[in-house]
Amino acid sequence: MIKGTAASDGIGIGKVLVIEEHSLEYTPRTITDTEAETERFNGAVKEFIENTEAQAEALRKSAGDKEAEIMTGHITMINDPYLRGEIEALIKGGQCAESALETMCDMFIQMFSAADDEMMKQRAADVRDIKTGVLSILLGIKEVKVSEAPAGTVLVARELTPSVTAGINKDNIVGIITETGGKTSHSAILARALEIPAVLSVPDAASLFKNDQCVIVDGSSGEVIADPDEEQTNVYTKKRSDFIAERKELEKFRGVSTKSASGEEYELVCNIGKPADAVKAMECDGEGVGLFRTEFLFMDRTAMPTEEEQFEAYKKAALIVKGKPLIIRTLDIGGDKDIPYMGLAKEENPFMGFRAIRYCLKNRDMFKVQIRAILRASAFGDVRIMFPLVTCVDEVRDGKALVEECKAELRAENAEFNEKIPVGIMVETAAAAVLADVLAKESDFFSIGTNDLTGYTMACDRGNSDVSYLYSALQPSVLRMIKRTIECGRAEGIPVGMCGEAAANPQMIPLLMSFGLTEFSVSAPSVLKVRKCISKWTKQEADEVCAKVMSLATEKEADEYLSKVCVR
Ligand code: PEP
Ligand code: MG
């Protein structure tokens, strides 16, 4: 078995077609008739644009408008006046068209590749694609016609360029394997849009596999099996039909509201780490964002993001979700999340130490920068503030006082923001769950963080394999914490959501429905599964299952019972 990066879900079984790369070598020449050479270059660009327009059109039909934009983006890039002007200047200086094109494209490729940002790196792949396209035309090379590949083909390439992908007929291509590219590369995006299973970053794939060799591509696990035996073929054929049936079934839950079988409505939102994740959340039919983990904006850099940088990030997410809720959690660092430039001291017991809201309230200037940025972003959507790791009322009051201080400053600056921005808390410590009746009077909403709540309730570190058997939200004590939190929130009339992993657990869902949870916040790919799961239960059935589970004494009993009744 060969392992790569799982980039597009599903199973493909078929025969290999290796996309060979033609040599783009040429001997640079010195040009005397520079006008004719410029004309030759412009002619090649014109042909490239025509080809690309045709590919964009093909992609628009097979994948969608957004995917076609990847190709039209190539046209914009090659038409960039600076790029074109510089190439023409080099030709005027005596370089041949091939060499002038290569010099300028390589400069951009180098510049984009050096950037930290994944999107910028992707730009480098786009310029490489443009360079190959125009150079091939200048050298008179004909590209392989992927569109003519026979049914049951698994494409293998060093890099799956958007221009090759655009030629894919999704009825014939059953799998994709490449040597390069990650989950966020254009190859991956296009493979997902075309719903073709893809495994990327398989070292030496183009030389490892031979034309007509039989392979299985598992785009969900990132595994590739070459020359499978009969048993493997049978196992994966079954997996493939199960996957197709499940995908079809889930599609019925796209674009509909999240409702129980008896008609109660729920909010089904997503957890995100970066503004770009909000796009995925919307694509996956999320109804907003229930948790924006802002610490990711602070990681992988050498200094704190400024108010302006944070404002831009929050505003971007708000604009992407277009008026749907966007719950921004203030900085949750410490514990397992270290940010070197913040100078957090090494602690004996970091999970019990100086982290999250505790750290922020002691570093008020830094905290105010974030609060001001969130407040300013609230002018662009339904933005809400959420404090992490709350354990007592003072933290909520103190945090809210800072919000008021920032509001006063912004008012004085005539900056726009939502005066009534809701301020809620995460209930993820045992202290907060026990004190939920009091905290509910001080908060506009609760979101239960079962990842931490389970650990803190069970006094158990999930990373420690000796005690991880205790780490389960189905532990009777954790269930009681959750139930109490929801009941206290409801008694005070505030919404209670859940953004911990348990919100997407099919065994937990009937219990959460019965307790009265109003919002489920899950990872984007889980949205349709959770919506389907909720739709299978009537409130009464959920209440009966819940009553039974709450009468059981152990986690094992609850798990055994739920694994029987939750098969729906
Ligand atoms: C949680 O604790 O459940 C939670 C959602 O927060 P995080 O996983 O970011 O700690
Ligand atoms: Mg947490």
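Hydrogens, waters and symmetry mates are skipped; everything else that's a heavy atom, side chains included, is used. Counting convention: from 1, in listed order, for ligands and their atoms alike.
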- Under 3.5 Å, is there a donor-acceptor pair linking the side chains of T258 and E287? yes
- Task: Could you give me the CA-CA distance, side-chain angles and deciding distance for E295 and R329, then say whether salt bridge (charged side-chain N to carboxylate O under 4.0 Å, His left out) is met?
- Result: CA-CA 9 Å; E295 51 277 11; R329 177 174 76 183; 2.6 Å; yes
Check: every ligand 1 N/O to protein N/O pair under 3.5 Å:
{"from": "ligand 1", "atom 1": "2 (O)", "to": "E428", "atom 2": "OE1", "distance (Å)": "2.9"}
{"from": "ligand 1", "atom 1": "2 (O)", "to": "D452", "atom 2": "N", "distance (Å)": "3.0"}
{"from": "ligand 1", "atom 1": "2 (O)", "to": "D452", "atom 2": "OD2", "distance (Å)": "3.1"}
{"from": "ligand 1", "atom 1": "3 (O)", "to": "G449", "atom 2": "O", "distance (Å)": "3.3"}
{"from": "ligand 1", "atom 1": "3 (O)", "to": "T450", "atom 2": "N", "distance (Å)": "3.1"}
{"from": "ligand 1", "atom 1": "3 (O)", "to": "N451", "atom 2": "N", "distance (Å)": "2.7"}
{"from": "ligand 1", "atom 1": "3 (O)", "to": "N451", "atom 2": "ND2", "distance (Å)": "3.4"}
{"from": "ligand 1", "atom 1": "6 (O)", "to": "R329", "atom 2": "NH1", "distance (Å)": "3.0"}
{"from": "ligand 1", "atom 1": "8 (O)", "to": "R293", "atom 2": "NH2", "distance (Å)": "2.9"}
{"from": "ligand 1", "atom 1": "8 (O)", "to": "N451", "atom 2": "ND2", "distance (Å)": "2.9"}
{"from": "ligand 1", "atom 1": "9 (O)", "to": "R293", "atom 2": "NE", "distance (Å)": "2.7"}
{"from": "ligand 1", "atom 1": "9 (O)", "to": "R293", "atom 2": "NH2", "distance (Å)": "3.4"}
{"from": "ligand 1", "atom 1": "9 (O)", "to": "R329", "atom 2": "NH1", "distance (Å)": "3.1"}
{"from": "ligand 1", "atom 1": "9 (O)", "to": "R329", "atom 2": "NH2", "distance (Å)": "2.9"}
{"from": "ligand 1", "atom 1": "9 (O)", "to": "K337", "atom 2": "NZ", "distance (Å)": "3.2"}
{"from": "ligand 1", "atom 1": "10 (O)", "to": "K337", "atom 2": "NZ", "distance (Å)": "3.4"}
{"from": "ligand 1", "atom 1": "10 (O)", "to": "D452", "atom 2": "OD2", "distance (Å)": "3.1"}

- Any Lys/Arg nitrogen of E405 or K368 sitting under 4.0 Å from an Asp/Glu carboxylate oxygen of the other? yes
- Message: Any carboxylate oxygen within less than 4.0 angstrom of a Lys/Arg side-chain nitrogen, looking at D242 and R247?
- Response: no
- May I ask you to check if K532 and F253 form a cation-pi contact, with NZ or CZ under 6.0 angstrom from the six-membered ring centre and within 45° of the axis? no
- Query: Does K548 come within less than 4.0 Å of E557, counting only side-chain N to carboxylate O?
  - Reply: no
- Query: On the ring face of F311, is R376 found with NZ or CZ under 6.0 Å from the centre and within 45° of the axis?
  - Reply: yes
- Task: Could you tell me whether the side chain of R384 and the main chain of L326 form a donor-acceptor pair under 3.5 Å?
- Result: no
- Are the charged groups of D437 and R484 less than 4.0 angstrom apart, N to O? yes
- Note on the structure: Atoms listed for the Mg ion (ligand 2) (protein only, N, O or S, under 2.8 Å, no waters) are E428 OE1, D452 OD2
